[in-house]
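All remarks here apply to the structure that follows.
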Amino acid sequence: MLYGYWTDVNVDQTYWTWIRAGSFVLPVNLLLDHLSLFMCLVITGVGGLIVTYAVGYMEHESDASYARFFCYMDVFVFSMLLLVLAGNFVFLIVGWALVGLSSYLLIGFYYWRPAAVVAARKAFVMNVIGDVGMILGTFVVFLQSHATTYGNFGWVPRSDSGYLELAAFLFLVGAVAKSAQLPLHTWLPDAMEGPTPVSALIHAATMVTAGVYLVGRLHPIYDVAAVAHHTVAIVGAVTALFAATIAIVQVDIKRVLAYSTMSQIGYMFLAVGMGAYAAGFFHLLSHAFFKALLFMSAGNVIHAMDDEQDMRRYGGLWGQLRWTSPSFLIGSLALVGVFPLVGFFSKEFVLGAVFSKPDDPVSIWVWVVGFVTAVLTGFYTGRMWWVAFWGRPSETRPVEQPHEAPGVMLIPVLILALLSTAGGLVQTSALGFGTTLVEDYLKPVVGALAWPPSPIELIVTIATFAFGVLAFLGAYLMYVPRSERRAAFLDGVAEVAMAQPRPWSEQFPRLQALLEHKYYFDELYDFVFIRPLNWIASWGDRRIDRTVIDGSLTGVAALIEDGGAGLGALENGYFRSYVLVFVGGAIVAGLIVLWRAFT
């Protein structure tokens with residue numbers, strides 16, 4: 001009975017009618033189907049572990065800040081649940097906006113830090129741009145179909161049409177902003193100003209996955225709007241490569257993970273943009289496991305290092321943090337896609353599904369980008385691991401003997417380490433055989449893959465895995481000094497055979513500067529939008545506000561003041577002055593009467 005309930009869910013429950021105007025009806029309804037239940041399990045499962053972890057991480061806060069933090073976290077989880085359970089576009093937008101508000105509150109939690117305030121404001125503005133896209137897309141759908149509820153999407157025509165393309169592109173604006181894809185991505189790295197549990201919740205279980213959910217939920221629209229659908233895949237592929245290259249040069253351990261999230265969300269966009277919805281959502285589940293694990297393990301390290309986040313000042317943590325170090329290694333290897341961890345099965349499912357799609361000129365190109373991104377992922381993840389955990393402790397390390405995190409922080413980390421290790425067993429089809437539980441479960445909503453796996457898919461999978469692992473080991477050769485290498489690591493010959501390579505940043509200084517400045521996107525936005533708007537505001541202040549508005553108000557006030565002063569001169573308290581005024585007025589009135597009488 002219970003198994004049948006969980007595997008056969010399709011409930012569209014209307015609780016009351018919110019708006020009724022003529023034939024227009026807007027119900028308050030929630031939709032529980034396989035997709036929304038899948039998302040609810042990710043949000044509440046991984047989110048619950050993160051909230052439990054936060055109990056220990058935030059214990060040093062004051063009582064007021066502690067209560068405020070968990071209030072914001074609860075609003076965040078509620079907002080995300082409303083987003084995925086909404087049965088119509090209006091409440092989807094409500095949940096969408098509340099998620100943006102919650103992220104603003106949590107990113108700016110340390111409101112006394114200017115950087116946190118700026119980061120929160122930046123995230124809010126970027127997400128409002130996405131909200132506008134969502135609202136306009138909903139208007140387009142309503143004007144053409146007069147539908148606000150999803151229903152069974154029976155109002156979607158079977159052939160492409162201009163209004164569907166327009167609506168799909170507008171919804172894509174919302175998805176791109178919420179999931180930090182190009183070009184509305186700049187808010188996500190700055191979101192690291194919030195507490196580490198916030199970073200874990202935003203990156204792993206809630207906010208950035210909303211865009212993937214949106215495309216999956218609206219897949220009947222995207223399946224028809226072919227141009228917008230391919231655009232989803234292209235945006236995801238470009239973002240995946242873009243973010244992976246930037247992660248190579250980051251020194252803040254949380255920022256490395258932030259750009260990694262952008263890259264991995266790009267994989268999900270790539271999958272759903274090519275119609276491999278089950279692959280995209282399986283990678284969403286997989287990413288929730290290992291990225292929450294990585295952020296929470298990084299939080300343990302930061303906690304032990306007196307809030308130091310520059311991983312160049314770590315070193316030698318392996319063996320000193322006996323639980324966090326192997327947990328971080330499991331998360332790192334899952335991110336690289338090492339067999340048999342969960343990241344291997346989900347990433348190869350994505351790339352294999354895209355590679356095998358026939359008769360699509362876009363598929364081979366996005367697969368090539370995905371393959372290159374997988375190699376870069378192995379390299380920047382290896383760099384992060386070897387620099388932070390291997391070798392000798394840094395001479396500038398703030399703590400000589402770091403302490404392990406308390407049990408309330410370790411238990412969620414260990415649970416996620418277990419899920420990252422064994423979670424891939426629910427969908428092993430990347431090997432060409434085995435279980436397909438995620439695909440089968442989501443099939444009633446998003447359908448199954450419409451094309452069979454390619455015979456060479458297994459070879460491609462092995463190649464991707466091998467290059468990713470080699471890149472991880474290559475980072476060892478590049479970032480671990482020769483004097484600190486252990487010969488036994490590579491069969492006893494590494495110490496003799498390897499010479500210390502010249503750092504690539506010294507060989508390509510311009511490329512290093514380009515990546516450190518994140519391709520100058522912030523500078524570009526500052527030049528194109530912020531500076532012109534500041535100039536317009538300054539000009540308006542000088543020419544309009546001060547001259548016209550303030551000037552008119554000041555002139556009227558001066559006129560009234562001068563008039564009052566003139567009238568005040570008549571009210572001097574002398575009787576003769578009043579009689580003179582009275583006589584003068586009488587003479588003037590008499591002259592007027594005489595003039596009218598004789599004319």
Side-chain angles (χ1 to χ4, degrees), residues 46 49-50 52-53 56-57 196-197 199-200 203-204 253-254 256-257 260 264 286-305 308-309 311-347 377-394 397 399-425 465 468-469 471-473 475-476 479-480 484-486 488-490:
V46 177
L49 293 174
I50 295 171
T52 302
Y53 172 89
Y57 192 91
T196 298
S199 303
H203 287 250
I253 191 169
K254 286 175 66 176
V256 176
L257 297 176
S260 170
Q264 297 303 306
S286 166
H287 180 261
F289 291 159
F290 65 72
K291 188 53 61 70
L293 171 62
L294 285 170
F295 266 111
M296 291 157 68
S297 298
N300 288 352
V301 173
I302 295 169
H303 191 268
M305 291 285 107
E308 176 59 60
Q309 295 182 194
M311 61 187 183
R312 295 172 299 181
R313 299 187 63 188
Y314 295 168
L317 293 177
W318 180 261
Q320 292 185 320
L321 299 177
R322 55 182 300 184
W323 295 107
T324 297
S325 295
S327 298
F328 198 98
L329 179 59
I330 290 172
S332 298
L333 296 179
L335 173 59
V336 175
V338 173
F339 180 84
L341 304 180
V342 66
F344 168 82
F345 293 103
S346 64
K347 183 182 67 178
T377 301
F379 182 76
Y380 73 70
T381 306
R383 170 181 175 267
M384 175 177 61
W385 164 256
W386 299 117
V387 169
F389 288 88
W390 207 252
R392 298 191 183 97
S394 170
R397 200 167 80 169
V399 177
E400 286 295 328
Q401 294 296 327
H403 60 85
E404 187 60 273
V408 70
M409 296 169 64
L410 277 179
I411 291 175
V413 168
L414 297 178
I415 293 174
L416 286 168
L418 178 62
L419 292 173
S420 298
T421 302
L425 298 179
F465 162 73
V469 172
F472 187 90
L473 298 177
Y476 170 83
Y479 290 100
V480 177
E484 297 181 9
R485 296 178 190 162
R486 298 184 180 182
F489 188 80
L490 292 177

Between [atom1] on residue [X] and [atom2] on residue [Y], distance to nearest 0.5 Å:
{"X": "T421", "Y": "F290", "atom1": "OG1", "atom2": "CZ", "result": "12.5 Å"}
{"X": "S260", "Y": "L294", "atom1": "OG", "atom2": "CG", "result": "7.0 Å"}
{"X": "L419", "Y": "I330", "atom1": "CG", "atom2": "CD1", "result": "11.0 Å"}
{"X": "M409", "Y": "L414", "atom1": "CE", "atom2": "CG", "result": "12.0 Å"}
{"X": "S286", "Y": "K291", "atom1": "OG", "atom2": "NZ", "result": "10.0 Å"}
{"X": "L341", "Y": "L329", "atom1": "CG", "atom2": "CG", "result": "9.0 Å"}

Smallest separation among heavy atoms of [X] and [Y], with atom names:
{"X": "I50", "Y": "A292", "answer": "CD1-CB, 4.3 Å"}
{"X": "G343", "Y": "S346", "answer": "O-OG, 3.4 Å"}
{"X": "F345", "Y": "G424", "answer": "CD1-CA, 3.6 Å"}

Answer with yes or no after comparing the ring centroid distance for W390 and Y479 against a 6.0 Å cut-off, counting only values under it. no
Are [X] and [Y] side-chain neighbours, meaning at least one heavy-atom pair lies under 4.5 Å?
{"X": "H287", "Y": "V342", "result": "no"}
{"X": "W323", "Y": "L410", "result": "yes"}
{"X": "I411", "Y": "T52", "result": "no"}

All pairs passing salt bridge (Lys or Arg N to Asp or Glu O under 4.0 Å) where residues 313-342 contributes a residue, at least two apart: E308-R313
In terms of relative ring orientation, are W385 and F328 parallel, tilted or perpendicular, with 30° and 60° separating the classes? parallel
So with a 6.0 Å cut-off around CZ of R312, is the heavy-atom count from everything else above 12? no
In E404, Q401, E400, the residue satisfying side chain to side chain contact (heavy atoms under 4.5 Å, CB included) with Q320 is Q401
Out of M311, H203, Q309, which residue meets the side chain to side chain contact (heavy atoms under 4.5 Å, CB included) rule with K254? Q309
Whether K347 side chain and V336 backbone form a donor-acceptor pair below 3.5 Å: yes
Quick check: does any side chain N or O of S325 sit under 3.5 Å from a backbone N or O of L321, one acting as donor and the other as acceptor? yes
Enumerate donor-acceptor pairs with a distance under 3.5 Å from any side-chain N or O in residues 295-304 to protein atoms, sequence neighbours excluded.
residue, atom, partner, partner atom, Å
S297, OG, L293, O, 2.8
N300, OD1, Y53, OH, 3.2
N300, ND2, T324, OG1, 3.2

Please determine which of W386, Y380, F465 meets the ring pair (Phe, Tyr, Trp, His ring centres under 6.0 Å) test together with F472. W386
Would you say the side chains of S394 and Y314 form a donor-acceptor pair under 3.5 Å? no
